[in-house]
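Read through the structure below, which is laid out as structure tokens, and then see the notes.
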Amino acid sequence: MGCGEAESPLALVSGGGGFLGRYLVEQLARRGNRVRCFARGSYRELEVAGVEVQRGDIRDFRAVAEAVEGVECVYHAAALAGGGGRWIDYYETNVRGTENVIAACRRHGTARLVYTSSPSVVFAGRDQCGIDESAPYDMKWLQQHGCHYSRSKALAEQAVLRANGPDLRTCALRPHLIWGPRDNHLIPRLLDRARRGRLRRVGDGSNRVDVTYVENAAAAHLDAADALASADAAPAGNAYFISQSSPVNCWEWIDEVLALAGLPPVRRAISARAAWRLGAWCEQAYRLLRPRSEPPMTRFVAAQLATSHWYDVSRAQADFGYRPQVSMAEGMRRLQAWLAACGLANSASGNR
């Protein structure tokens with residue numbers, strides 16, 4: 001940095017070592033921001049790249065407050081995900097952890113907070129076709145059906161949006177089904193189940209869903225944060241759906257992903273009703289025998305796999321210019337290259 005040049009703003013990414021978080025860190029660094037990563041693990045490769053890595057637990061307010069000190073904008077992506085386990089674990093991480101981030105921002109005068117939420121915060125077991133952000137939270141449904149992740153994310157999102165004000169501008173993004181290279185959740189689990197013969201189509205296979213390529217999801221966060229810095233700050237206090245802007249047939253897309261890994265399409269099926277009953281049985285069994293584990297099926301997952309859920313992203317387009325820069329075709333090409341490089345693809349990969 002030359003004499004007289006001001007330092008670039010410091011951004012904090014909570015969960016910066018995770019799937020989406022890593023792309024946030026990289027995109028911020030690439031455009032010249034100073035970046036601090038707050039995560040439970042150590043990430044030597046980020047430190048080598050000039051990223052400040054601070055280890056800590058989002059449930060520990062002192063650690064969070066230390067990480068937020070001197071930060072101008074926080075991207076809060078850290079969360080406990082999954083379809084099982086105990087409510088208290090999701091609450092402590094996703095709700096209390098978010099409250100810690102908000103309190104730390106207020107303590108240190110942080111100007112902006114962008115929260116990574118989920119469309120599942122407004123899911124209630126039914127088709128959602130082209131809905132916008134006016135869709136209400138259905139906390140009763142989420143609680144009754146044991147949707148710990150979605151319920152906790154909904155509570156956290158509401159806390160973030162309530163925190164918006166003149167001194168701390170906040171917004172929440174709801175990217176749906178994030179996928180792409182370095183995915184450590186959706187794609188690997190999908191391939192693992194397919195290889196073990198445990199993948200079943202749920203329902204009649206006609207449901208359409210939104211998906212989001214990971215670099216597009218990360219770029220949306222940066223665009224929203226930039227818009228929060230403006231005087232009128234259109235995103236302030238609002239939530240936004242994020243996707244590729246065009247829904248896909250859920251099971252055809254899954255078959256395409258399997259084909260990239262050299263795996264056959266899904267041939268076995270289970271009705272939506274049978275999957276729901278199986279999910280209820282698994283939830284009860286795991287609650288009694290393995291309370292901290294994630295069951296192979298839940299009622300929430302059964303409903304997600306059998307219904308259509310895609311969203312109107314025009315609000316994000318209007319308020320901060322969101323446009324998916326990486327197309328589905330290009331994203332799938334990059335995913336295939338990553339699968340091959342990581343040894344996750346069979347030798348027949350690409351033979352469609």
Side-chain angles (χ1 to χ4, degrees), residues 18-24 26-27 77 116-120 123 127-132 173-191 193-194 199 201-203 205-224 240-266 304-318 320-342 344-346 348-352:
F19 178 39
L20 173 63
R22 183 72 64 93
Y23 282 94
L24 283 169
E26 291 171 349
Q27 289 190 12
T116 306
S117 187
S118 164
S120 66
F123 185 65
D127 287 335
Q128 294 180 317
C129 301
I131 68 169
D132 63 21
L173 302 193
R174 301 168 175 174
H176 193 250
L177 285 179
I178 304 175
W179 60 280
R182 302 199 306 243
D183 185 355
N184 57 358
H185 184 69
L186 174 64
I187 300 299
R189 295 180 66 179
L190 185 66
L191 300 183
R193 289 198 174 196
L199 195 56
R201 188 186 71 236
V202 178
S206 64
N207 54 312
R208 299 166 68 207
V209 300
D210 265 335
V211 297
T212 313
Y213 184 70
V214 62
E215 293 184 57
N216 293 331
H221 283 68
L222 271 63
D223 290 341
Y240 296 90
F241 290 119
I242 300 294
S243 74
Q244 290 295 115
S245 301
S246 180
V248 298
N249 177 285
C250 176
W251 295 98
E252 289 178 2
W253 181 70
I254 287 174
D255 284 345
E256 290 179 14
V257 172
L258 296 180
L260 296 183
L263 296 171
V266 180
Q304 284 267 300
L305 292 175
T307 59
S308 291
H309 29 101
W310 51 277
Y311 310 94
D312 181 355
V313 299
S314 60
R315 188 177 191 177
Q317 293 170 343
F320 52 90
Y322 172 70
R323 298 289 188 281
Q325 299 300 309
V326 180
S327 68
M328 283 293 297
E330 175 60 19
M332 294 294 274
R333 186 194 68 77
R334 296 181 188 182
L335 177 62
Q336 183 176 24
W338 175 74
L339 291 172
C342 295
L344 295 175
N346 295 349
S349 180
N351 296 332
R352 307 295 292 273

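Positions are given from 1 along the sequence. Everything quoted here is computed from the prediction, not taken from an experiment.
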With a 4.5 Å limit on heavy-atom distance, are the side chains of [X] and [Y] in contact?
X    : Y    : value
F19  : L186 : no
V214 : R182 : no
P188 : D183 : yes
I242 : V313 : no
L258 : L191 : yes
M328 : V211 : yes
W253 : M332 : yes
I131 : F241 : yes

Tell me whether [X] contacts the main-chain N or O of [Y] through its side chain, where contact means a donor paired with an acceptor under 3.5 Å.
X    : Y    : value
E252 : G205 : no
H176 : P119 : no
W310 : V248 : no
N216 : R323 : no

Take I187 and L344, measure what side chain to side chain contact (heavy atoms under 4.5 Å, CB included) needs, and give me the verdict at the end. CA-CA 10 Å; I187 300 299; L344 295 175; over 6 Å; no

Measure up the H309 and Y311 rings against each other and bin them: parallel (under 30°), tilted (30 to 60°), perpendicular (over 60°).
-> tilted

For S118, the side-chain hydrogen bond (donor to acceptor under 3.5 Å, both in side chains) test, sequence neighbours excluded, returns S120

Report the C-alpha separation of E26 and R22 in whole Å, then their side-chain angles, then the decisive distance to 0.1 Å, and conclude whether the salt bridge (Lys or Arg N to Asp or Glu O under 4.0 Å) test is met.
CA-CA 6 Å; E26 291 171 349; R22 183 72 64 93; 5.0 Å; no

Contacts satisfying salt bridge (charged side-chain N to carboxylate O under 4.0 Å, His left out) that involve residues 304-314 (not counting sequence neighbours) are none

Report task. Please step through side chain to side chain contact (heavy atoms under 4.5 Å, CB included) for the pair E215 and R334, ending with a clear verdict. Result -> CA-CA 11 Å; E215 293 184 57; R334 296 181 188 182; 2.9 Å; yes

**Study point:** Evaluation steps, ring pair (Phe, Tyr, Trp, His ring centres under 6.0 Å), between F320 and Y240
**Key:** CA-CA 10 Å; F320 52 90; Y240 296 90; 5.0 Å; yes

One should read off an interatomic distance between T212 OG1 and R174 CZ, to the nearest 0.5 angstrom, of 13.0 Å

*May I have the step-by-step check of side chain to side chain contact (heavy atoms under 4.5 Å, CB included) for T307 and D127, ending in yes or no?*
CA-CA 5 Å; T307 59; D127 287 335; 3.3 Å; yes

